[in-house]
Protein chains: 2
Amino acid sequence: MAGNLDATDWAILAELQRDGRIPLTELGRRVSLSASAATERVKRLEATGVITGYAARVDLAAVGYAVLAIVRLKYPGSRHEPLHRLLAERTEILECVRVTGDDCYVLKVAATGMHHLEEVVNDLAEFGSANTNIVYSQTLPYRGPGLR
Amino acid sequence: MAGNLDATDWAILAELQRDGRIPLTELGRRVSLSASAATERVKRLEATGVITGYAARVDLAAVGYAVLAIVRLKYPGSRHEPLHRLLAERTEILECVRVTGDDCYVLKVAATGMHHLEEVVNDLAEFGSANTNIVYSQTLPYRGPGLR
DNA sequence: AGTGAAAAATCGGGCTG
DNA sequence: CAGCCCGATTTTTCACT
């Protein structure tokens, strides 16, 4: 966990977060480095765990998930294995974080429609009281750190 | 756009979401396609807007953001421009969705520490009542659609 | 789906502060 | 001594058939 990143490292992170598939030589060009130096930097960022991977961004609506929802789950007790099992089975659950406060978990759920969403929420409601909010629009789609 | 994806398309999406930087020839190998056929498929997925881009995943803690929080913002009225301006300035706000229900917006905020988080929340509280939950752990870090 | 030219990734070695 | 640059070899990409 090297927290010592210079301006060049940040520039590299910005470029790779914007376009994770740019050739390393092109990356070097953009941050004013030779191809091998850029490669070296990227390798180091990967090795130290700063860059954890690369992913294609997929449009949810385009693959049939018309509905996105935020579900807050109040989860009494401390038996968390059943929830983990559900997360493994239900691939419609895209994200799940454990948080402070009254709601123990906040989840992001993708569904093909309201009926489908209802099914997933039913499964979640087995564990505790589920509070669901439908997403109108992604005002700011996820951006990584350091990006404007 | 094109909601007609066959099993091969899904396999391609799964591979590219897991590792967005694999060579197309390697991708073809994994989904039992020739390099050119795989390339063709990927190009089509990009052109039809299914794949919207590629991004490096960056570990927030590793770049100095030790604290992650979910902020729910109750936003009275309908003047949304000031919020958009704040989103543009505060790069610590990583994500923002507009939702149904009492809370108008749900935001994801990364901060270097509690003091930093307080600053960001103060800015947000200018707009309405802000309800903040600190993230203990990412039970399920974001995964794209179709991934197990 | 195969082919060949262009481009990029990889590796080794040498240079500078 | 870490970080960068250069050039040769292997691999991938791209336009065309």
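These numbers come from the heavy atoms of this one structure, side chains and all, not from hydrogens, waters or symmetry mates. Numbers restart at 1 for each chain; the letters A, B, ... are given by sequence-line order, proteins then strands.
- Of the candidate nucleotides D:dC4, C:dA8, D:dT13, D:dT13 has the atom lying nearest to any side-chain atom of B:T25.
- You'll find that the side chain of A:S36 is closest to C:dC11, out of C:dA9, D:dC14, C:dC11.
- Using a 3.5 Å distance cut-off with no hydrogens or angles, the side chains of A:E46 and A:Y54 do pair a donor with an acceptor.
- When the side-chain nitrogen and oxygen atoms of A:R44 are compared with OP1 and OP2 of D:dG3, none of them lie within a distance under 4.0 Å.
- Closest contact between the side chain of A:R29 and the listed nucleotides D:dC4, D:dT12, C:dA8 involves C:dA8.
- Nucleotides of DNA chain C nearest to A:T39 and B:E40 differ in position, and the one nearer the 5' end is that of B:E40.
- Residues B:F127 and B:H80 keep their aromatic ring centres 6.0 Å or farther apart.
- The CZ-P distance, from B:R21 to D:dT11, rounds to 18 Å in whole Å.
- Note: CD1 (A:I12) to C1' (D:dC4) measures 12 Å, nearest angstrom.
- Between the CG atom of B:L124 and the OG1 atom of B:T132 there is a distance of 8.0 Å, given to the nearest 0.5 Å.
- Residues B:T48 and B:R44 have side chains that never bring a donor and an acceptor to within less than 3.5 angstrom of each other.
- Residue B:I22 contributes atom CD1, which lies 12 Å from atom P of D:dT12 at whole-angstrom precision.
- Side-chain atoms of A:L24 lie closest to C:dA9 of the nucleotides C:dA9, C:dA1, D:dT13.
- Rounded to an integer number of Å, the gap from CG of A:L27 to P of C:dA7 is 19 Å.
- Distances shorter than 4.0 Å separate some side-chain N or O of A:K43 from OP1 or OP2 on C:dT10.
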